[in-house]
Amino acid sequence: TFNVYHSNGDTSRYALINTGSDNWLFINTTPTRKTRPEVPNTKPSYKSVDITKLDVNNSNEIFSPKIDGALNAFVLRSGKPIETYSYRPSVKSDIKLIDHTYRLPYYKTTVPKGLKGHTVLLGEVFARDHHGTVLPSADTSARLLSNVWRSRELQKQGPLDSVVYNILRYQGRDVSQKPYKEKLELLKRVTSAVPQLKLAPMAVTTEQKTQLLKDVVEKKHPLSREGVAIYNMAYHIPMKAKVTEDYDVHVRDIVPGEGKYKGSAAGGFTYSHTPEGPIAGRVGGGFSDEQRIDMLKNPDKYIRENSRY
């Protein structure tokens, strides 16, 4: 088996199977939405609540730092490597999956045979520095939008990491609607069997929740400066409380740079709130020089594909 890592960021997978003597089968094994229907293609809608009105004394809720990363699904199949996919649909093809598997180190990890069927977890993939502090979202995007070889080079400066916090399927069973109390036990069971996947840090006691809120609001928490996630033990999906708001948008056009970026790098991008809707604004900050150069050179990598800001 082998992969081809394309310059546009795509990954193709292939297998050569010997059928005897000099006879071989050459098979394209690249996952698609048809062959891997367990990979989610939508993002759960999380209710937003006022961070100043959170009740740290509510014993039925636990808090976790809300990480500014990229939502991904982690697919575990018995005896197979851990696979990582974006939930986002590809604009290049209705059946194409955005495959991040070989950008993360988990592809080297074989799922224990005791974990039968398909298990699907949701989590955040993010870039961090070598001390464990989350880097700006532009650094995460650069590592996920680059081809695999370039992504691995960038990760020498700051690796991709992840935490998991939700579970959709457990050993082939749909558990997406189970209350979080049950989900948390399943998550603990899975991360114990596959320790390369880490459960998001949880604040359970009043003291822990108070300290987490204080650190996030004061921009001192290494994993989040944007807010907290709230998990009600009786409900199936978390809520979020943010210090600042962010939005999912569709990148519509790359804007050439001016000044020192003129002719060599992008100045930013324009965006809309729906794929074909009116231009709603322009973003010009938060990019590294390297990402600006790549945006101008390879605009198709950014326009509407993985277009989270």
Side-chain angles (χ1 to χ4, degrees), residues 38-40 42-49 51 53-78 82-85 87 104 106 109 111-112 114-126 128 132 134 161-213 215-216 221-224 226-242:
E38 74 275 10
V39 178
T42 58
K43 179 180 180 179
S45 179
Y46 300 148
K47 178 183 177 181
S48 293
V49 296
I51 197 169
K53 296 180 180 179
L54 294 180
D55 181 5
V56 296
N57 295 308
N58 186 345
S59 60
N60 200 42
E61 293 180 346
I62 56 178
F63 295 175
S64 180
K66 187 182 184 305
I67 299 173
D68 186 15
L71 177 66
N72 275 257
F74 299 90
V75 180
L76 284 63
R77 298 182 294 163
S78 178
I82 297 172
E83 296 176 295
T84 309
Y85 299 98
Y87 76 93
L104 283 92
Y106 314 130
T109 300
V111 176
L115 205 60
K116 305 294 184 181
H118 289 79
T119 294
V120 181
L121 311 178
L122 290 182
E124 292 286 326
V125 172
F126 55 92
R128 61 168 175 80
V134 173
D161 203 346
S162 69
V163 295
V164 295
Y165 58 83
N166 202 350
I167 183 167
L168 303 182
R169 300 190 69 84
Y170 178 69
Q171 299 196 113
R173 292 187 292 113
D174 181 358
V175 296
S176 60
Q177 303 301 306
K178 296 290 186 183
Y180 199 75
K181 181 178 182 180
E182 293 183 34
K183 285 188 172 187
L184 186 56
E185 291 306 311
L186 293 176
L187 284 166
K188 289 177 179 178
R189 195 178 302 174
V190 173
T191 53
S192 176
V194 189
Q196 290 80 4
L197 294 177
K198 302 183 293 292
L199 185 62
M202 301 288 182
V204 179
T205 67
T206 297
E207 293 74 17
Q208 290 170 341
K209 288 186 276 190
T210 301
Q211 187 63 50
L212 173 60
L213 283 174
D215 290 344
V216 169
H221 198 286
L223 292 181
S224 179
E226 69 166 30
V228 297
I230 305 99
Y231 303 88
N232 187 301
M233 294 294 99
Y235 197 47
H236 65 282
I237 58 174
M239 298 178 289
K240 60 183 179 181
K242 303 186 71 173

request  = With sequence neighbours left out, write down each residue that passes side-chain contact (heavy atoms from CB on, under 4.5 Å) with Tyr235, or none if nothing qualifies.
outcome  = Asn232, Ile237
ask   = Looking at OH of Tyr165 and CD of Glu124, how far apart are the two atoms once the value is rounded to the nearest 0.5 Å?
value = 4.5 Å
inquiry  = I'd like to know if the side chain of Lys242 reaches the main chain of Lys66, judged simply by a donor and an acceptor atom lying under 3.5 Å from each other, with no hydrogens or angles considered.
reply    = no
request  = Identify the two heavy atoms, one from Ser64 and one from Tyr231, that lie closest to each other, and give their separation to 0.1 Å.
outcome  = CB-CE1, 3.5 Å
inquiry  = If you compare all heavy atoms of Val49 against all heavy atoms of Met239, which two are closest, and at what distance to 0.1 Å?
reply    = CG1-SD, 4.0 Å
query = Nearest heavy-atom pair of Val134 and Asp68: which atoms, and what distance?
reply = CG1-O, 4.4 Å
ask   = Taking only residues two or more places apart in sequence, or in another chain, which ones meet Val125 in a side-chain contact (heavy atoms from CB on, under 4.5 Å)?
value = Asn72, Phe74, Thr84, Leu104, Leu144, Leu160, Ser162
message = Under the rule for ring pair (Phe, Tyr, Trp, His ring centres under 6.0 Å), what residues qualify as partners of Tyr170, not counting sequence neighbours?
response = none
Donor-acceptor list for residues 182-197 side chains, cut-off 3.5 Å, not counting sequence neighbours:
residue : atom : partner : partner atom : Å
Lys183  : NZ   : Asn166  : OD1          : 2.9
Lys183  : NZ   : Ser176  : O            : 2.8
Lys183  : NZ   : His236  : O            : 2.8
Thr191  : OG1  : Leu187  : O            : 2.8
Thr191  : OG1  : Lys188  : O            : 3.3

request  = Go through the structure and list residues passing salt bridge (Lys or Arg N to Asp or Glu O under 4.0 Å) with Asp161, not counting sequence neighbours.
outcome  = Arg128, Lys198
key: Qualifying residues under side-chain contact (heavy atoms from CB on, under 4.5 Å), relative to His118, sequence neighbours excluded   = Glu38, Val75, Arg77
request  = Might you point out which heavy atoms bring Val120 and Ala73 nearest each other, and give the distance in Å?
outcome  = CG1-CB, 4.3 Å
inquiry  = Strictly distance-based, threshold 3.5 Å: is any side-chain N or O of Gln171 a donor or acceptor partner for the main-chain N or O of Lys116?
reply    = yes
